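Here is the structure we will look at, set down as structure tokens.
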Amino acid sequence: MSLEFKVKTLGGDLKRFVGLITDRERAIRKAPEKEINPTFAINENAKLLHPDYQKMIIADIIDHSGAESKTFVFKKADGSKAAYFRAGQYVSVLLKIGSSLVTRPYSICSSPNEALEGIVKITVRDVKDGFAAPYMLENFKIGDTVYISGPEGTFYYEPLRDAENVVAIAGGSGITPFLSMANAIKDGTEDFDLTILFGSRTVDNILFKKELDEIASECSKVKVVHVLSNEKKKGFENGFINAELIKKYAPEGKYSIFICGPEAMYRFAQKEIEKLDIEPKFVRRELLGVTKDVSSLPGYPEQAVGKVFEIKVIIGENEYSVQGKAEETILTAIERAGIPAPSRCRSGECGWCRSKLVSGTAYIPAENDSGRRFTDKEFNYIHPCASFPTSDIIIEVPGSFMQ
Ligand code: FES
């Protein structure tokens with residue numbers, strides 16, 4: 001019985017299937033003879049959200065002289081919308097400094113809503129012995145053309161992962177992603193409670209003080225606590241952002257901690273956070289960058305200290321030979337030679353610089369190695385932005401579309 005039933009069912013299905021083919025042939029014959037649209041709306045939207053780069057004009061420059069910083073207001077050169085982003089993300093700025101081609105990631109400090117008017121703002125702070133920041137601060141003028149990447153990074157609020165309350169720990173120009181979040185909360189783009197603990201040296205040194213205090217007075221979901229390390233003043237906390245201070249201002253119940261600031265602040269804050277009983281998934285940090293003192297890290301090969309190595313770079317058909325210091329990343333050596341190599345985060349996280357280490361050895365700090373896939377480790381693919389040469393090497397680097 002059951003066999004007969006199946007045969008009958010199959011027979012009916014076959015009949016319907018054959019009918020479908022006939023119907024389809026009839027529909028094709030009836031269709032007008034015109035070219036099919038070569039692009040799909042979904043691809044066009046993906047390009048708007050994730051452009052390879054954005055051509056911008058510097059529309060304005062805001063000087064924060066007390067904080068040794070400037071905010072650059074970029075506007076899309078063709079007047080269109082800028083790529084939409086999540087508050088907390090960054091863009092990579094492409095620079096030609098002398099014969100070097102370099103990129104630098106900067107958190108966006110404006111609200112995502114401003115991207116709809118074609119505007120993206122970044123704030124650059126002067127860095128002692130810096131390379132790109134002093135160049136930008138001295139040379140960028142209103143009307144200049146600047147190329148920036150699309151928005152990148154995962155340092156934004158994600159309700160599926162983060163607690164409803166966020167305690168932000170910021171130091172210096174590390175306030176920028178939190179200013180973007182605070183603006184986004186105020187204008188309704190984001191919905192979470194944000195308590196910002198902001199460390200500065202003195203009152204005069206506080207970046208975006210007026211803007212932050214204004215947002216906090218207008219929006220009950222944003223609180224700002226200023227912490228001064230070099231000055232005691234009524235109405236301000238004094239010292240460093242430690243476990244005690246976090247406990248004092250953290251809300252009841254669960255909260256996420258987001259950290260953005262210089263390396264020294266990050267390392268201090270990380271130890272303090274370990275004293276608190278917080279699930280690891282609730283502790284988030286912005287790009288760490290790479291340490292300036294790689295030889296002090298565990299496992300660094302002593303024999304490499306102070307040496308200069310030969311780096312052979314293969315890009316497609318081209319081969320280059322450059323000198324690389326043991327204490328600088330392979331990417332830095334390549335860029336200094338003016339060779340176009342792709343990069344965005346410069347922290348070993350995004351994968352844009354992923355390259356094949358054909359021969360030789362490199363030291364990769366464990367703290368910068370979480371973005372590398374298991375198979376990449378197995379087959380010797382590295383991120384030159386977070387790898388230091390420890391011998392002469394040969395490396396195959398993908399070409400960059402931005403140069
Ligand atoms: S630039 Fe992001 S991993 Fe190297």
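Each ligand, and each atom within it, is numbered from 1 in the order the structure gives. None of these values were measured; they are calculated from a predicted model. The residues of the chain are indexed from 1 along the displayed sequence.
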Exercise. Against heavy atoms of Cys350, which atoms of ligand 1 measure under 4.0 Å?
Worked result: 1 (S), 2 (Fe), 3 (S)

Exercise. Of the backbone and side-chain N, O or S atoms of Cys345, does one lie nearer to atom 2 (Fe) of ligand 1 than 2.8 Å?
Worked result: yes

For this session: Give the ring-plane orientation class for His226 versus Phe198, where under 30° counts as parallel, over 60° as perpendicular and anything between as tilted.
Result: tilted

Seminar exercise, completed: On a heavy-atom basis, the closest approach of Ala386 and Pro365 is O-CD, 3.4 Å

Exercise. Which of the atoms of ligand 1 are close to Gly351, meaning less than 4.0 Å from one of its heavy atoms?
Worked result: 2 (Fe), 3 (S)

Exercise. Can you find a side-chain donor-acceptor pair between Ser321 and Glu310 that sits under 3.5 Å?
Worked result: yes

Exercise. Sequence neighbours excluded, which residues qualify as salt bridge (Lys or Arg N to Asp or Glu O under 4.0 Å) partners of Asp213?
Worked result: Lys209

Exercise. Near Gly348, which atoms of ligand 1 are under 4.0 Å from a heavy atom of that residue?
Worked result: 3 (S)

Exercise. Can any side-chain N or O of Asn165 pair as donor or acceptor with the backbone N or O of Phe192 at less than 3.5 Å?
Worked result: no

Exercise. Between Arg346 and ligand 1, which part of the residue brings a heavy atom under 4.0 Å of the ligand: side chain, backbone, both or neither?
Worked result: backbone

Exercise. Does a side chain donor of either Thr103 or Arg346 reach within less than 3.5 Å of an acceptor in the other side chain?
Worked result: yes

Exercise. In terms of residue, atom name and distance, what is the protein heavy atom nearest to atom 1 (S) of ligand 1?
Worked result: Arg344 N, 3.2 Å

Seminar exercise, completed: Here the atoms of ligand 1 under 4.0 Å from any heavy atom belonging to Ser343 are 1 (S)

Exercise. Quick one: do the Asp187 and Thr189 side chains pair a donor with an acceptor below 3.5 Å?
Worked result: yes

For this session: Taking only heavy atoms of Glu349 into account, list the atoms of ligand 1 that are under 4.0 Å away from them.
Result: 3 (S)

For this session: Confirm or rule out an N/O/S atom of His383, from backbone or side chain, lying less than 2.8 Å from atom 2 (Fe) of ligand 1.
Result: no

